[in-house]
Amino acid sequence: MAEYDFRKIEKKWQQYWAENDIYKTENTSQKPKFYALDMFPYPSGAGLHVGHPLGYIASDIVSRYKRLKGFNVLHPMGFDSFGLPAEQYAIQTGQHPAITTEQNIKRYKEQLKNIGFSFDWDREVQTHQAEYYKWTQWIFMQLFNSWYNKETDRAEDIETLIAVFQASGNQNISTVSDDDTPIFTAEEWNSWEEEDQLKTLLHYRLTFPSEAVVNWCPALGTVLANDEIKDGVSERGGHPVERKKMKQWMMRITAYADRLLKNLDHLEWSEPMKDMQTNWIGKSYGCELQFQVEDNSKVLTAFTTRPDTIYGVTFIVMAPEHEWINKLTTAEQENEVKAYVEAAKNRSERERQTDVKSVSGVFTGSYATNPFTDEPIPIWVADYVLAGYGTGVVMAVPSSDDRDYRFAKKFDLPITLVIKGSEELDNPTDLKHGTMFNSGILNDLTSKEATRKAIEYAEENGFGQSKVNFRMRDAVFSRQRYWGEPVPAYFKGDIPYLVDEKDLPIKLPAIDKYKPTETGEPPLGRAKNWTYNGDPLELTTMPGWAASSWYFLRYMDANNESAFANKEITDYWGQVDLYLGGTEHATGHLLYSRFWNMFLYDRGLISHEEPFKKLINQGMIQGVSSFVYRLVLSGDDKLMPEVFLSKGIVDRIQKSNLTRAEQDIIEKILKRELTSFNHKHGTSWSVENVLEQKIIPMHVDISMVKNDILDVDEFKAWRPELKNAVVIPEANKNYLCGSEVEKMSKSKYNVVNPDEIIDRYGADTLRLYEMFLGPLEQFKPWNTNGIDGVFKFLRKVWNLFHKESGEFYVSNEAPTKEELKILHRTIKKAQEDIERYSFNTSVSEFMICLNDLTALKCNKVAILEPLVVVLSPYAPHIAEELWHKLGHVNSITKTEFPSYNEAYLVEDEHEYPVSVNGKMRAKLKFPVDMVKEDIEKQVLDNEVIQKWLDGKSPKKVIVVPKKIVNVVV
RNA sequence: GCGGAUGUGGCGAAAUUGGUAGACGCACUAGACUUAGGAUCUAGCGGAGCGAUCCAUGGGGGUUCGAGUCCCUCCAUCCGCACCA
């Protein structure tokens with residue numbers, strides 16, 4: 001009896017594929033290329049859960065399909081293996097993070113291989129391997145040796161900049177550099193010592209050390225990038241983050257802000273994803289206006305997007321971090337301002353963010369002049385102004401900006417209305433645009449016109465100029481950690497130098513402990529002889545996003561020892577045609593890798609400006625957690641009995657419709673159990689009224705719960721303290737659990753391991769089921785309920801090829817027209833679905849097809865053989881088995897995807913919607929030759945209509961354009 | 001607050017350009033076969049009604065012969081950003 005023995009079949013073919021290098025990809029081919037990429041995983045200790053493979057399955061289906069369609073397909077996999085968890089574990093245990101990392105990778109690979117992916121493992125990358133990070137370091141060096149030329153709008157070799165400086169200084173150069181870059185002439189440059197020249201160049205390099213205010217996370221002992229912080233706490237671990245000024249390596253990503261934004265137009269990414277990047281880059285057009293401070297030589301510059309409201313400016317606000325505050329504060333105000341600035345500095349990022357509503361600030365005592373009105377306006381300090389955005393100075397317009405309005409209200413500052421109509425509103429800021437009044441030269445202009453005119457006027461009179469501002473900042477590149485790439489730079493005094501290229505890789509040194517040093521230096525400070533020719537090497541390591549910003553290029557030429565990748569080969573593979581991953585990388589990895597790729601393109605190292613042509617964000621598969629409800633008894637005795645109420649009881653208690661009788665029963669049980677508990681432990685617990693007790697939900701392991709019913713014995717054995725738990729069930733004796741959809745996580749006991757599913761149903765079922773679950777991009781909970789249907793489908797496929805006795809049997813009879821139609825319909829559907837990267841409906845189509853063929857008892861080779869090929873991207877193991885049983889020697893992966901023939905799909909009759917007296921009633925079939933495409937000119941046969949109308953004769957038959965037959969009775 | 005997405009049976013979901021809403025699967029119900037199984041097969045399965053029919057795609061309105069689909073408006077849920085001037 002040859003049942004569908006998926007275990008045997010899957011093992012057999014996985015072995016066959018591996019032994020015969022079936023998925024090895026050549027770097028040259030006559031075939032067109034296709035690059036299908038998954039975001040590579042961080043190998044965590046928990047292993048894969050069923051959510052991880054979702055995207056991998058989708059990309060694998062596409063890859064297998066494309067191969068069958070004659071493409072040379074690159075479909076690699078690797079591991080983003082530097083990272084915090086391994087290091088945290090190392091700190092706790094003293095074990096080198098490489099050991100944990102490599103164990104985890106091994107486990108991940110085993111799990112991945114069980115699913116039957118068509119990865120070319122010869123191209124695997126592991127970012128923590130020196131062979132890989134050698135090139136991460138090399139790219140870092142190229143960035144250091146480059147500057148951004150705004151003239152040519154690309155990165156260039158630093159030598160070209162030096163040449164410019166030698167010839168004409170930096171006065172006429174258009175570039176992206178630090179704000180505090182000094183201006184100098186060629187003479188000055190040429191007269192400087194080398195040291196000063198190098199210092200000056202740091203203002204231009206694309207990566208550079210800088211004293212910057214950063215997000216410091218004391219708990220993790222490292223700085224974090226903006227995208228690594230969510231809600232003011234670290235994304236990993238949720239630790240508080242504070243602002244701190246530290247020396248850091250930075251990446252000048254702001255040089256690319258415009259291109260990163262502009263190129264989004266040409267990418268096949270989802271709109272929400274593009275929007276997220278657009279918002280993150282945050283380009284805003286406006287102007288800078290200069291305000292002369294009275295009785296002081298200082299001129300404050302404020303950035304504004306609303307120069308049209310300049311006549312409504314009634315005060316100026318500076319960020320507490322602004323360096324001029326001391327100089328602008330009058331003697332009377334000094335103490336107050338100092339206290340405020342100090343308080344603002346000590347507020348954590350978290351406080352400052354969560355406390356958005358409260359308004360605080362202090363007057364400096366100074367005034368500045370509004371250049372349009374020559375009126376004096378007070379200068380304030382307030383922490384709602386951010387030092388890092390614009391100039392850190394805001395011209396406040398309380399009549400059209402909510403924050404300024406709140407501030408003016410609180411401190412009783414004047415509010416000048418400048419937009420017509422706003423005087424009728426309780427809150428003038430509800431009207432943001434309109435026609436200007438009270439506005440001198442801008443009167444009667446619209447906001448848009450006034451904006452243009454105000455900028456023109458400011459430029460003519462030399463107190464302002466139009467300006468574009470970005471929200472995005474340069475990226476902090478340093479991490480005070482061990483488990484990352486060492487930065488290939490050393491210092492002579494303050495000046496950083498690159499190591500010699502021939503000395504790459506700079507390998508991670510051995511250290512005794514993985515903690516910061518006693519003096520607070522990063523872990524690398526513990527390394528012995530961490531020097532380069534006697535000079536100290538950089539102590540920080542690179543962030544996680546360094547390695548992931550170029551790994552997709554390494555896959556193309558993964559084993560190259562003389563370059564990060566051969567140019568001819570990267571030219572051949574070009575862009576990633578399909579990139580699959582989650583939305584969580586929108587403002588991190590996906591932005592940084594575009595930046596690095598663009599840089600490599602600028603420097604002529606690769607030929608595409610954008611790395612990822614098409615991006616699909618697969619939705620997360622969530623877990624369904626189960627809960628038990630613990631009754632917390634009032635009393636302060638430490639030894640508290642564990643009492644759990646069933647979900648139904650809890651619901652009725654909370655809705656207060658527990659009947660008196662039910663309550664009595666529960667209380668009786670409780671009393672009995674508590675008496676015995678008290679007797680045993682010498683305690684004195686009692687429950688007077690169960691309705692008055694606190695109930696808290698508690699996660700339980702989902703393996704103990706079937707259809708919401710808890711296995712009480714298993715539950716009591718779960719943990720020692722539950723051994724004597726009192727479990728109060730429903731009237732039918734079942735204990736019901738509650739459930740909730742949450743992110744899959746170990747701590748919520750809701751993780752489903754793909755190995756379990758594979759063991760029970762097989763990899764092919766897992767693959768099909770994950771696709772069947774719903775649209776790829778949607779978030780959905782993992783629910784095993786439907787998996788039987790998919791498994792049954794595969795078993796039925798198997799049975800179609802086998803007699804009841806189990807013997808393989810297919811017929812060589814010629815197929816009927818009906819059978820051909822079923823086949824071609826299915827080929828068409830599968831092809832169209834894969835090509836638009838949607839997979840769930842084609843799985844349904846397979847099932848329909850199978851039902852149809854089973855009904856016809858069709859086991860004809862001419863139908864089944866192409867069908868197996870169509871199914872093979874989804875369920876490769878069973879397809880391969882049946883393919884060989886059909887007598888083929890080569891792997892099914894070497895064949896061609898069958899093409900469908902429209903001719904088989906054409907109907908003998910056409911369907912037309914028919915409406916009676918204007919109301920759509922049915923679709924009627926008419927012979928093809930009766931109603932041709934040009935339906936307007938055709939007159940329908942009354943007989944057909946009559947037949948349909950039960951013999952009634954239609955008064956009028958109107959055939960309207962767009963395929964509709966309108967009958968008037 | 002700003003930006004985006006989603007809303008269809010008990011559940012997961014289908015529905016080219018507007019054209020019989022709910023394909024397919026799960027769960028459920030009934031039956032068949034059965035020395036019984038977490039097996040297979042057949043039928044039914046949005047709601048109301050004996051029925052013809054009527055009502056149903058978050059709510060309300062509109063365009064149209066015809067709306068899940070297009071337009072307006074409101075509501076709910078989720079996600080991203082957030083004193084960004």
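Convention: sequence-line order gives letters A, B, ...; per-chain numbering from 1. Computed over heavy atoms, backbone and side chain alike; hydrogens, waters and symmetry mates excluded.
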Side chain of A:Asp383 (C-beta onward), nearest among B:C83, B:A85, B:G38: B:C83
Under 3.5 Å: donor-acceptor pair, side chain of A:Thr391, backbone of A:Thr301: yes
Touch class at under 4.0 angstrom, heavy-atom based, for A:Asn851 against every strand present: sugar-phosphate
For atom CG of A:Asp788 and atom P of B:C28, their distance in whole Å: 11 Å
Assigned glycosidic conformation for B:G9 [threshold 90° from 0]: syn
Side-chain donor/acceptor of A:Arg471 to base of B:C81, under 3.5 Å: no
Nearest-Å distance for atom pair NE2/P, residues A:His322 and B:A85: 17 Å
Watson-Crick or G-U stems involving RNA chain B, each at least 3 pairs long, distances under 3.5 Å, ordered by first number: B:1-7 with B:75-81, B:10-12 with B:24-26, B:28-32 with B:40-44, B:46-48 with B:53-55, B:58-62 with B:70-74
A:Arg403 vs B:G1: side-chain N/O to OP1/OP2 distance below 4.0 Å: no
Between B:C11 and B:G22 - C1' atom distance, rounded Å: 13 Å
Atom C1', compared across B:G47 and B:A56: separation rounded to whole Å: 7 Å
Heavy-atom pair of closest approach, residues A:Ile787 and A:Tyr769: N-CE1, 3.6 Å
Candidates B:C81, B:A85, B:A23 - which lies nearest the side chain of A:Trp280: B:C81
Integer-rounded Å distance: B:G80 P and A:His585 NE2: 13 Å
Gap between atoms CG and P, on A:Asn279 and B:C83 respectively (whole Å): 14 Å
Aromatic contact, A:Phe407 with A:Phe315 (centres under 6.0 Å): yes
Sidechain-backbone polar pair: A:Arg473 side chain, A:Arg471 backbone, donor-acceptor under 3.5 Å: yes
Residue A:Asp275, side-chain heavy atoms: nucleotide from B:G3, B:C26, B:C84 that is nearest: B:G3
C1'-based separation of B:C71 from B:G18 [nearest Å]: 13 Å
Shortest non-hydrogen separation from A:Tyr405 to A:Pro428 and the atoms involved: CE1-CD, 3.5 Å
Smallest separation among heavy atoms of A:Leu442 and A:Asp308, with atom names: CD1-O, 3.5 Å
Pairwise C1' distance for B:G1 and B:G9, with rounding to whole Å: 38 Å
Verdict with reasoning, A:Asp764 to A:Tyr874, per side chain to side chain donor-acceptor pair (under 3.5 Å): CA-CA 7 Å; A:Asp764 284 339; A:Tyr874 291 81; over 6 Å; no
Nearest-Å distance once atom C1' is located in both B:G10 and B:C79: 28 Å
Interatomic distance, A:Tyr389 OH vs B:A82 C1' [rounded to whole Å]: 13 Å
Identified side-chain contact (heavy atoms from CB on, under 4.5 Å) counterpart of A:Val313 within the set A:Asp404, A:Val418, A:Ile377: A:Ile377
Between B:U29 and B:G80 - P atom distance, rounded Å: 41 Å
B:G46 and B:G25, which share atom name P, separated by this distance in whole Å: 15 Å
Length of the CG-P vector between A:Asn469 and B:C84, whole Å: 13 Å
Separation of atom CE in A:Met472 from atom P in B:C84, rounded to whole Å: 18 Å
Options B:A85, B:C11, B:G80, nucleotide nearest the side-chain atoms of A:Thr304: B:A85
From B:A85, B:A23, B:C83, nucleotide with atom closest to A:Asp401 side chain: B:A85
Residue mapping more 5' on RNA chain B - nearest nucleotide basis, A:Lys829 or A:Gly388: A:Lys829
Spacing of A:Glu3 atom CD relative to B:G38 atom P, expressed in whole Å: 15 Å
Aromatic contact, A:Phe839 with A:Phe772 (centres under 6.0 Å): no
A:Phe846 and A:Phe793 aromatic ring geometry - parallel, tilted or perpendicular at 30°/60° bounds: parallel
5'-most by nearest nucleotide on RNA chain B - A:Asp402 or A:Thr583: A:Asp402
Among A:Thr451, A:Val397, A:Asp401, the one residue meeting side-chain contact (heavy atoms from CB on, under 4.5 Å) with A:Thr309: A:Val397
Proximal nucleotide (of B:G38, B:G25, B:A82) relative to the A:Met847 side chain: B:G25
Positions of residues 772-779 of chain A (non-hydrogen atom under 4.0 Å from RNA chain B), listed by number: A:Phe772, A:Leu773, A:Pro775, A:Gln778
Touch class at under 4.0 angstrom, heavy-atom based, for A:Asn840 against every strand present: sugar-phosphate
Derivation and outcome, side chain to side chain donor-acceptor pair (under 3.5 Å), residues A:Ser360 and A:Tyr340: CA-CA 9 Å; A:Ser360 72; A:Tyr340 184 78; 2.7 Å; yes
Taking only nitrogen or oxygen atoms into account, show me every contact under 3.5 Å that the protein makes with nucleotides 39-44 of chain B, one pair per line with its distance.
residue : atom : partner  : partner atom : Å
B:A39   : O3'  : A:Arg795 : NH2          : 3.3
B:U40   : OP1  : A:Arg795 : NH2          : 2.6

Span that lies between the C1' atom of B:G38 and that of B:C26, in whole angstrom: 14 Å
Parallel, tilted or perpendicular: rings of A:Trp798 and A:His802 (30°, 60°): parallel
Side chain of A:Lys780 - closest among B:A13, B:A23, B:A85: B:A13
A:Arg825/A:Asp852 salt bridge by N-O under 4.0 Å criterion: yes
